[in-house]
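All values reported here derive from a predicted model rather than from experimental measurement.
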Amino acid sequence: MTVREIARQAGVSAATVSRYFTGTEKVSEDVRCKIQSVLGDDVSSGKRSRHKNRLMVMIVPHMRLAFYQELMKRFMEKVSPYGIQLIFLPIFNSDAAQVRALLKRLRPDGLVILEEPVTVPILDIAYEMKIPVVVCGETLSNIRSAVIIHVNDISAAYDGTKYLLSLGHREIMFFSNHAKGVNASYQRISGCSKAMAEAGLHFDEPYIRYGELTFENGYRFAQESIKGEIPFSAIFCFSDEMAKGAICGLHDLGIKVPEDISVLGFDDLPFTEEMRPQLTTIHQPLDDFVRSTINIFFNDDFSMCGKELIMKYSIIKRDSCSTKKGGLHTNERE
């Protein structure tokens with residue numbers, strides 16, 4: 001549920017709802033009651049009624065990445081039949097005090113986090129306020145008040161690397177996000193490193209490029225790798241979006257996928273089947289992520305807090321990877 005939707009149901013302006021949440025200006029008692037009624041609050045007691053919809057607040061990350069956009073879209077599509085109110089809360093321009101004030105007013109039954117914000121210690125705030133958390137598609141070290149739902153990123157990246165090795169590729173570029181703590185990128189790097197070590201190959205510079213998992217970085221890293229005359233025959237990108245950028249970057253240099261270079265993605269977002277060539281990628285079960293999260297809220301079952309739910313992944317073999325035929329600037333390495 002957005003601010004505009006709350007405003008429409010309460011019969012007030014969106015600006016009024018924003019003032020209610022932020023506390024920057026007082027709203028009348030009548031308006032406060034209308035807004036709380038929409039949110040499913042028992043106005044007389046100040047508590048949320050058990051007979052009203054449960055309130056799920058999703059902490060909105062930066063919207064640059066298609067993975068987050070797709071997850072949010074699927075939450076919106078699947079949450080309504082459960083009678084759960086879903087509010088998106090962007091906090092990337094807020095400080096910790098503002099976030100505490102917002103959550104105090106919203107009184108959510110729980111939070112959904114897709115990535116840990118850099119500027120606001122949201123997990124610490126949730127723990128202090130006794131608000132349970134579900135983290136979707138990411139791995140965090142601080143999980144005192146959180147259920148973590150994700151795939152085994154170490155194993156998935158290990159299997160992805162082994163797949164490329166099985167096709168005869170020994171010179172593989174890896175396009176990764178920056179590793180922070182024990183996040184998904186750190187675990188994927190660990191899985192790739194393990195597979196390369198088992199094959200007797202080094203996993204180090206200049207075969208690893210770090211940056212946000214965007215189309216633009218995939219495009220730039222691919223072109224820089226070619227122009228830098230680094231010998232390689234395959235690229236493993238830690239997002240489909242980055243893989244799409246890499247394929248476009250190679251295409252603009254006259255390099256064919258998979259004839260010259262194989263490209264492997266990660267996520268299996270819908271656009272991967274629309275690409276030419278269709279993208280071979282690691283499938284993350286986004287619907288299972290969403291369904292498990294909604295069930296936790298619907299059943300008020302946060303007994304898993306402090307634990308992880310590991311979902312199954314798989315390699316979706318399409319058209320962007322093939323057996324090694326030569327690669328570019330190739331020079332077998334150890």
Side-chain angles (χ1 to χ4, degrees), residues 61 64-68 70-71 113-116 118 135-143 148-167 169-199 201-215 217-218 220-222 225 232 234-247 262-269 272 279-286 288-289 308-317 320-321:
R64 291 187 294 270
L65 301 184
F67 177 76
Y68 297 134
E70 184 64 26
L71 259 182
I113 297 176
L114 306 184
E115 70 169 347
E116 188 171 10
V118 176
V135 179
C136 240
E138 181 57 278
T139 306
L140 307 175
S141 56
N142 178 9
I143 62 171
I148 311 294
I149 300 176
H150 65 112
V151 299
N152 185 329
D153 286 286
I154 294 177
S155 181
Y158 173 86
D159 285 348
T161 305
K162 293 284 282 188
Y163 171 66
L164 291 175
L165 290 168
S166 74
L167 295 176
H169 300 287
R170 294 172 62 83
E171 296 154 319
I172 304 171
M173 295 293 302
F174 297 89
F175 295 174
S176 169
N177 194 5
H178 294 286
K180 292 177 277 189
V182 294
N183 70 351
S185 288
Y186 173 84
Q187 297 204 25
R188 292 174 193 176
I189 289 170
S190 298
C192 294
S193 176
K194 179 183 178 184
M196 294 294 281
E198 288 178 357
L201 301 171
H202 293 296
F203 179 76
D204 51 22
E205 302 289 349
Y207 286 90
I208 312 170
R209 299 297 304 272
Y210 296 99
E212 194 170 24
L213 303 178
T214 61
F215 174 95
N217 278 340
R220 179 167 61 88
F221 291 168
S225 299
F232 66 98
I235 304 173
F236 187 178
C237 298
F238 287 3
S239 81
D240 291 338
E241 197 170 359
M242 184 175 263
K244 184 178 181 180
I247 290 174
S262 290
V263 177
L264 176 65
F266 203 113
D267 291 332
D268 193 25
L269 298 182
T272 56
L279 185 66
T280 297
T281 186
I282 308 293
H283 172 77
Q284 293 208 78
L286 301 192
D288 290 344
F289 289 175
E308 298 175 276
L309 290 177
I310 308 297
M311 302 295 172
K312 292 183 178 179
Y313 64 88
S314 59
I315 299 177
I316 305 299
K317 299 175 183 179
S320 65
C321 294

message = If the condition is salt bridge (Lys or Arg N to Asp or Glu O under 4.0 Å), which residues does D159 pass it with, not counting sequence neighbours?
response = none
key: Counterpart residues, salt bridge (Lys or Arg N to Asp or Glu O under 4.0 Å), relative to K162 (two or more places apart)   = E198
Any chance you could measure [X], atom [atom1], to [Y], atom [atom2], to the nearest 0.5 Å?
| X | Y | atom1 | atom2 | value |
| --- | --- | --- | --- | --- |
| N177 | L65 | CG | CG | 8.0 Å |
| E241 | R64 | CD | CZ | 10.5 Å |
| F236 | I282 | CZ | CD1 | 4.5 Å |
| L114 | L71 | CG | CG | 5.5 Å |
| S239 | F67 | OG | CZ | 10.0 Å |
| I208 | I189 | CD1 | CD1 | 6.5 Å |

Which residues pass the side chain to side chain contact (heavy atoms under 4.5 Å, CB included) test with [X], not counting sequence neighbours?
| X | value |
| --- | --- |
| A246 | F175, A222, I235, C237 |
| K312 | none |
| A184 | E138, D153, R188 |
| I310 | H150, N152, E308 |

Within-4.5 Å side-chain heavy-atom neighbours: T161 and M196 = yes
Between [X] and [Y], which heavy-atom pair has the shortest distance, and what is it?
| X | Y | value |
| --- | --- | --- |
| F289 | G137 | CE1-CA, 3.8 Å |
| S176 | M242 | N-SD, 4.5 Å |
| L167 | C321 | CD1-CB, 4.0 Å |

inquiry  = Does K194 form a side-chain contact (heavy atoms from CB on, under 4.5 Å) with F203? I'd like the steps, not just the answer.
reply    = CA-CA 9 Å; K194 179 183 178 184; F203 179 76; over 6 Å; no
Sidechain-backbone polar pair: [X] side chain, [Y] backbone, donor-acceptor under 3.5 Å:
| X | Y | answer |
| --- | --- | --- |
| S314 | H283 | no |
| S193 | S190 | no |
| S320 | V263 | yes |

task = I would like to know whether L165 and I172 meet side-chain contact (heavy atoms from CB on, under 4.5 Å); could you show each step before the answer?
result = CA-CA 9 Å; L165 290 168; I172 304 171; 4.1 Å; yes
message = Let's go through L213 and F238 carefully: what are the C-alpha distance in whole Å and the side-chain angles of both, what is the deciding distance for side-chain contact (heavy atoms from CB on, under 4.5 Å) to 0.1 Å, and is it a yes or a no?
response = CA-CA 7 Å; L213 303 178; F238 287 3; 4.0 Å; yes
Residues S155, Y313; criterion side-chain hydrogen bond (donor to acceptor under 3.5 Å, both in side chains); working and verdict = CA-CA 9 Å; S155 181; Y313 64 88; 2.5 Å; yes
message = side-chain contact (heavy atoms from CB on, under 4.5 Å), that's the test. Do F221 and M173 meet it? Break it down for me.
response = CA-CA 9 Å; F221 291 168; M173 295 293 302; over 6 Å; no
Under 3.5 Å side-chain donor-acceptor pair for S185 and Y210 = no
key: Polar contact flag, side-chain donor to acceptor under 3.5 angstrom, D240-T281   = yes
